[in-house]
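To find a chain, count down the sequence lines: A is the first, B the second, and so on, and within it residues start at 1.
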Amino acid sequence: RGSSGHVNILYWQAPSILNPYLSGGTKEVEAASLIIEPLARYDDSGNMVPWLAESIPTTENGGVSDDLKTITWKIKEGLVWSDGSAFTSEDVVFTYEYCTHPEGGCAQGQKFEDVVSVEAIDDLTIKVTFGVAKPFPYGPFVGFQSPIIQKVQFENCLGTAAPGCTDQNFMPIGTGPFVVTEFRPNDVISFEANANYRDPDKPAFATVTFKGGGDASAAGRAVLETGEFDYAWNLQLAPQVLQQMSEAGKGQVVSAFGPSVERIMVNMTDPSPDLGEERSTRAHPHPFLSDINVRKALSLAIDRNILNEIGYGLTGKPTCNIVPAPAIYASTANDGCLVQDIDMANQILDEAGWVRGSDGVREKDGMRLSLLYQTSTNAVRQDFQALIKQWWSQIGVETELRNLDASVFFGGDPGSPDTFQKFFADVEMYTNRFDGTDPESYFNSWKCGREPSPENGWLGVNITRYCDDTYDAKLAELAKTGDLSRRIELSKALNDQQIQEYIMIPLIHRGSVSAHSNSLGGVVLNAWDSELWNIADWYRK
Amino acid sequence: MFNYTIRRTLLAIPTLFFISLALFLLLDLAPGDPTAQLPLTIPPEVREKIRLALGLGEPFHIRFLLWLEQFFINEPLHLLTELTGVDFSGDRQRVISWQSRSPVMDIVVQRLPQTLWVVGMSYVMGTIIALPIGIISAYRQYSWFDQIGTFVSMVGFSIPTFFTGVLLIVIFSVHLGWFPSIYDTTHVVTDWGSLIVQIKQMIMPTMVLALYNAAQISRFMRASMLDNLNQDYVRTARAKGLRENVVLLVHVLRNSMIPVVTVIAIGVPTVFGGAIITEQVFKVNGLGQLLITAIQANDIPMVQTLTFIFAVLIVLFNLLADILYGILDPRIRYE
Amino acid sequence: MSEDISPVLSVKDLKVVFSTRKGEVHAVNTINFDLNSGELLGVVGESGSGKSVTMMSLLSLLPSPPAKINGGTVSFEGKDLLKMNQKEIRKIRGGKIGFIFQDPMTSLNPVFSVGFQIMEPLKKHMGLTGRKAQDRALELLELVGIPDPKKRFKDYPHQFSGGMRQRVMIAIALTCNPKLLIADEPTTALDVTIQAQILELVRDLRKKLGMAIIWITHDLGVIAGIATRVIVMYAGQIVEQANVDELFANPQHPYTQALIETIPAVRGERTKRLNSIRGQAPTTLIEPHFCSFHPRCDFAFNKCTSINPQLIEQRKNHLVACHLFEDKEVAVG
Amino acid sequence: MADPRQEIEPLVEVRDLKVYFPIQAGVLRRKVGEVKAVDKVSLDIMKGETLGLVGESGCGKTTAGRAILRLNDITDGTVRIKGKYIHESSHKELRKIRPTMQMIFQDPQESLNPRMTVSAIISEPLTEHQSMSKKEREERVFDLMDSVGLNRDFASRYPHEFSGGQRQRIGIARALALNPELIVCDEPIAALDVSIQAQVVNLLEDLQEERNLTYLFISHDLGMVRHIATRVAVMYLGQIVEIGKSDSLYSSPLHPYTEALLSAVPEANPEIERTRKAIVLSGDVPSPANPPEGCNFCNRCPKAFAICLEVEPTLTEIEPGRFVSCHLYNG
Amino acid sequence: MSDVTITLQSAPTSQWRDIWDQFKTHRGALFGAIFFLFIMGAVFLGPFVWTLDPQYIDILSRDQGMSLAHPMGTDQLGRDTLARILVGGQTTVAVGITAMLLSLVLGTLVGVLAGFVKWLDGPLMRLTDLFLALPILPLLLVIILLFRDRLRVVFGPETGIFILIVFVIGITSWMQAARIVRGDVLTIKEREFVLAAKSIGTPSSRIILRHILPNVLSPIMVSATIGIANAIITESALSFLGLGFPSDFPTWGRLLFDATDYLQSFPERVLWPGVAISFTVLSVNYLGDGLRDALDPRIRGR
Ligand SMILES: Nc1ncnc2c1ncn2[C@@H]1O[C@H](COP(=O)(O)OP(=O)(O)OP(=O)(O)O)[C@@H](O)[C@H]1O
Ligand SMILES: Nc1ncnc2c1ncn2[C@@H]1O[C@H](COP(=O)(O)OP(=O)(O)OP(=O)(O)O)[C@@H](O)[C@H]1O
Ligand SMILES: [Mg+2]
Ligand SMILES: [Mg+2]
């Protein structure tokens, strides 16, 4: 333990807090994963592995009840917190209470959706009971967003008291390989090895500096070119920039694929400002995007290979699926879209009666194919926008580009017109993914009735406002199905329906990209969990 | 002079009140949401709950009054508590950052050292460089020194720091490896060696900013010197047989410094907030970076506090500039 | 005045030009004069005639560029001031030669106390420091008639009235017991009653200290009351030079004559209509090869437009530069 | 000559004119005192005459002149011009009266807008008050330039391209543009060279004759005032201390201040100068913010006696047309 | 005739000629003017000569160095850099000039009113203090939010955001000008020629227009040149912060910002916009120096 000395980690977005229940941001959750741990997590290939638990409970081993309503976890024996006290099931129960406190505003609340109770059967056994049948009961306490916090430490921080517990939020006591020695919000965290860590030989590093700030290219430069840092996270950079940086020979770029997909969402409702309150609501279908031919043409005109080459290179793959991973769920039915076919697109539009006007923009019944295309501010996305705009112009579609600050676009502020939920545009582009390895809730979000609207304060999740009975029927079936192969089948069908109706136009299956110095060993990039999930195994070569 | 000072100070109070009201209103109208940083997988209902937990639901005037109380009464009391160890503050509610759920002022205090070290130093450096340049350019007006000085200051003024910064990093960190490209805020100076490290990591950000500051200050200095060089009293001083550098550095400089000192004083607040881009480029996580991350994360209490602190500093240094003016210029002092 | 007394100051063929965008301004053009010890030389002439430039060039006080001394010698105590290096000339300035400027409002540095400004040359030239310098400065303030000098010592110039400031300027000029005092229009900015005070003071000081004085003014009345000898300048040249009584009694140059006649008197007969000199002062952009006054002169003839008259002794100790008298000069010479 | 007032009615009547400037100080900028720039000044100016106004710097000459034209706000007192009380006129009414009264300023450089051409400067009053075609206006400007002796070719030049005397002519032309009856000349020659002063004064005299102008001639050049003025008023510290016919005032000044003032003027004549004994007044003029108790002049007056320190003298007529404000004569 | 009065008797020259004559003598200004004209010509006429579409993506020819087909090379999407510099310059120069004009108009208005109208002085100067203390970034966010859509509807996306940016830069940078102008107005107001105008009966509005404004021209000129420079820099900083124009709409600031990522592989890519910005700012500055002198008849006379 501690033989490898010091390691420098650079997150260009700096963590502001180390309590993942108060801030669900990736940077916070990942930083916290050095300290606090869940009962089970996903490994680099997306398999669930027991972590603080003895094993993964299943229906087979009796951990999950047959009615799919309870799951019982067994904790490893002899676990201690970094302060030396014993880790018990009380802590797990407390974690549940902490996050579900009605006044708490817990960022990971959805992990505990449908949970009715969490009980400590004995010191090492916890039973979680759901209100409905849960074919996939691995929400609570699984994955890096749902780690266990110490009851003793957080006892007085429930509900409205939570924000006041600065010490606790900045220096949580955990079971992980490291403990915080100093925390400076949005700047830097210093860690040292946890003396009470369960594996006496780990971690290899005695101390960690976790620095934040700057931007991706500076982070890449610090690891790949100057060698000042050992590990840099989330290098969303153009492939050639990464390529040029790694030529310096100080480090290497690593990537791993999870379920993230960069896609274009098509607005099925009319975003015209003239509609006032009813703008982008299901009251008015979109004047021309309701025509599947138009949507299809838009998708056909895109060359996903070039997009990938420009924006992602080895860290992305062109895709035609909205659920490209885990591999078992990935459909192959739509792969035709990988080939750009402008002629075909033109032909489809011609046949559908969209004729080119004098300025080259197609029209029908006085309606011009003129789109507003919005996304968040990000160099790669803007390159994509420019390219796609040009391709669409080749099929007679006029495009206006707009990019919005990410904090506004993804902010969900009901007062702002620029959120992706309000979707006051014709198409928008962003990346989304689902949590863990089961896509059910993901599909569920595109259910009819879940679209954002003024009635629900624009809080819906069915962003495209697509509404279809057959889709909803398949979804209902999925919710009741426990059998994996049937689940896969249904999932693929749901995926294919979205794609073949051209409601969502997937572009790139994105991997997470990071870089580490050549002297850092043991890095196994994980797209399903925290990137730092195995930091206990890292060592200096 | 005393009256004048008091009068200016009293005037500052309503100004500050209106500034805080304006800032509050502005930020209230601004889009963005503290839940923006949450991943998309977090459902909107949860976001809404978090938002309510942050106290976003209250009406405007209540939040404003609450904030005024927190900022003007509770925070000073807490400060007092910390300084004296006697508990003045009780459990008064402090201004809490939405991002880190910790008192905003604590973080601000934490950021002060690097802000002062780097940005403050750059201002000092800029001034130190600028003054002699301004003096010489004025004394030798239209000489090659003056021409080059003008050219360099214009270039220094016109190139964005996000570009100069990256350029310096590429040259000095990547290719030459002389200086680190990332500022270590945890570094403590304890001995000679660590001082060298500190200086090394300060050089590049300091220089980038110093160039920018020096460009402006030297222009002012030059103009002011030129104004004074033509005054009658300069001729008197020469007629007394004083040496040229005495004439220049005692008689002319003192007079020329009067407007320049106020310009410098008024520029000080930018030290605290104006270096956003440079701080970003060199990862000097100072107050500027704090503001920008707070804006990006829509951490409204933090943004409010920081912008208001900057506003207070601006008003304060304007006041200070007025007072300095009086101290330097006897004509005002004896008003 | 006997001629064998060697003069304190002797200016020979002094020429000063300024280079400007429009060309070279010949501000001072071949000026010759001597100043004997104890004498008070009055210099009159209208604005721009080169009075100040002449005096400032003596001590190299002109900014150069644009000014350039285009030849000539200025011998002071046997040395040529124009050939001295910076260090030597600085010893003279404020030490051997004191200077008083026209505008007392701007000639003092506003940010230093009056005491400081008086002590500066004391420290520089007499090596006095601390108490001694202060005592001497107080003495000087007393001398120039500032009431309660101890109290006023630490005051700043803006706390003094115009007349008082001019007194302070005089005190500064007198700090090192100069041999020569050059006063450039010291009373022009002041009221008549204050001017009377200052003139009184200077007469007193001259009696007490006995230095030579050059007094520039364009008020002929002041000249009449204070000067022993007078120089009349026009367009950078001396057009007439004589003892004061002689000059007022027998002005020779048409310019001098006209000048004296244009002044309405306060006493005696009231003038019905003023005599005026037509036209206005010339520019000095070209080195004159003609009489500069000819466009305004009632007596001008051909020669005046083509030849620049020389300053010649027309009567004893009375020099005039005018073609009207050249025949006489030939006769005398 | 008989008293002119019996024949001609005064063009300007000023009674108890006061112009005070507030002094503000303290934290709240409250008024803590007043500069009594003009304090109870009464005078008449007859049609066609020149009234000289003399006095030391800061005694309130300019302020009085401006107040008469209502260019300053008047604190108290009345001003009547051509029988019309203008001290209470509104801006609109004033604008109508403006053409009858004009001003010529001390500094010809300062009083001309450096960014306007001569013709623009001279035609400004015309554009303000008369509707003329461009051609007519141009013609009028040329006429005016002729009458003040400026070459017509200079119309499109800027003030800085002229000598002081010429500039003053521009100022005079501007003042004449509207055919005024009263012109207040505020030290019109002070900034000029001796050789030029006479030109300007002669011009003023010629114009007066030609156009039957009335002048209030402010100056501290006592010689020039004597030359040009019919009557002279002497001011000290905001008050008129003596007023009378020019000749008699100069030959036998009554007020000690007038006496001292006149004696201080040097004469361009060495013989006179050698014998002349100036009355050198001690000290400076007191600040008009706190004038001395009693007679304003008492602290510098060589002839002051007890009562001067206590009682303020009033301006009384000693001889016909001769007023003095001094206890020596009030007794 | 003799030479003595030569200056006064030469034929009257036209005012513009005088200005030009004076301007010519200032070498820096002449250089600045020529260079600025060159830039204006290049960015506004250049696109007619160099007709490549700055938006056209030619993915095959991306990341090219300098060549005949692309004299300044191409960017990561194969867009022609020269065409983008030219078109980007239009926006940048237009933003610089209009924002400067706006801030000048505002600054002059406030300055003149504060200096001339006594009772407005206090309130307006407090307002100036207030604006000095306002943070530009949040302000920008708010303004963009509140007005973008309305302006987009009326003016279209690019003009709309142009107006916004100009507006934001304008209203956050007028304070210096206002202060300087106020100070100058306060002194000019006391000058005798203003009193002369009053004695003629010129109403205040015309006194301001005819006498005060022309005489505060030189501080305004100085503010103007600094203003252009400032606006150009601010616009580029906005690009850095991801605000500002649509991404496919080139400006020099954005080109420079986008290129910094490629600083090492393609250094020329930062060079072009960098040089363009600095030299424009520089030339404007020298130009301003010369203009200030040339517009002042007093200096011109010397
Ligand atoms: N710095 C300068 N640059 C150019 N010309 C100058 C400069 N200083 C003086 N001159 C010129 O030199 C000539 C003489 O000026 P000087 O100041 O000696 O006149 P003066 O007789 O002292 O006038 P005044 O009575 O106004 O003081 C003038 O024509 C003036 O224009
Ligand atoms: N606007 C003002 N505010 C305050 N005090 C003023 C103002 N204008 C003039 N004064 C004061 O009023 C007094 C009279 O001034 P005024 O200008 O009338 O004097 P003057 O006789 O014209 O002097 P000068 O001969 O110097 O022109 C002076 O003490 C002056 O300081
Ligand atoms: Mg002079
Ligand atoms: Mg006056």
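Contacts of B:V170 with chain E are made by side-chain atoms alone, with heavy-atom separations under 4.5 Å and no backbone atom involved. Residue B:L306 does not touch chain E at all, counting heavy-atom pairs closer than 4.5 Å. Both the backbone and the side chain of B:F151 come within less than 4.5 Å of a heavy atom in chain E. Neither the backbone nor the side chain of B:V312 has a heavy atom closer than 4.5 Å to any heavy atom of chain E.
Counting heavy-atom neighbours within 6.0 Å of E:F167 CZ, excluding the residue itself, gives a total of 12 or less. B:F18 CZ: 12 or fewer foreign heavy atoms inside a 6.0 Å radius. Surrounding CZ of B:F220 are at most 12 heavy atoms belonging to other residues, nucleotides or ligands under 6.0 Å away. Dense packing is recorded around CZ of B:F145, with more than 12 heavy atoms of other residues, nucleotides or ligands lying under 6.0 Å away.
Note: E:L256 leads E:L127, E:V281, E:L256 in heavy-atom pairs under 4.5 Å with chain B.
Between E:Y286 and B:T150, the closest heavy-atom pair is OH-CG2, 3.8 Å.
Separating the CD1 atom in B:I19 from the CG atom in E:D129 is a distance of 7.0 Å, to the nearest 0.5 Å.
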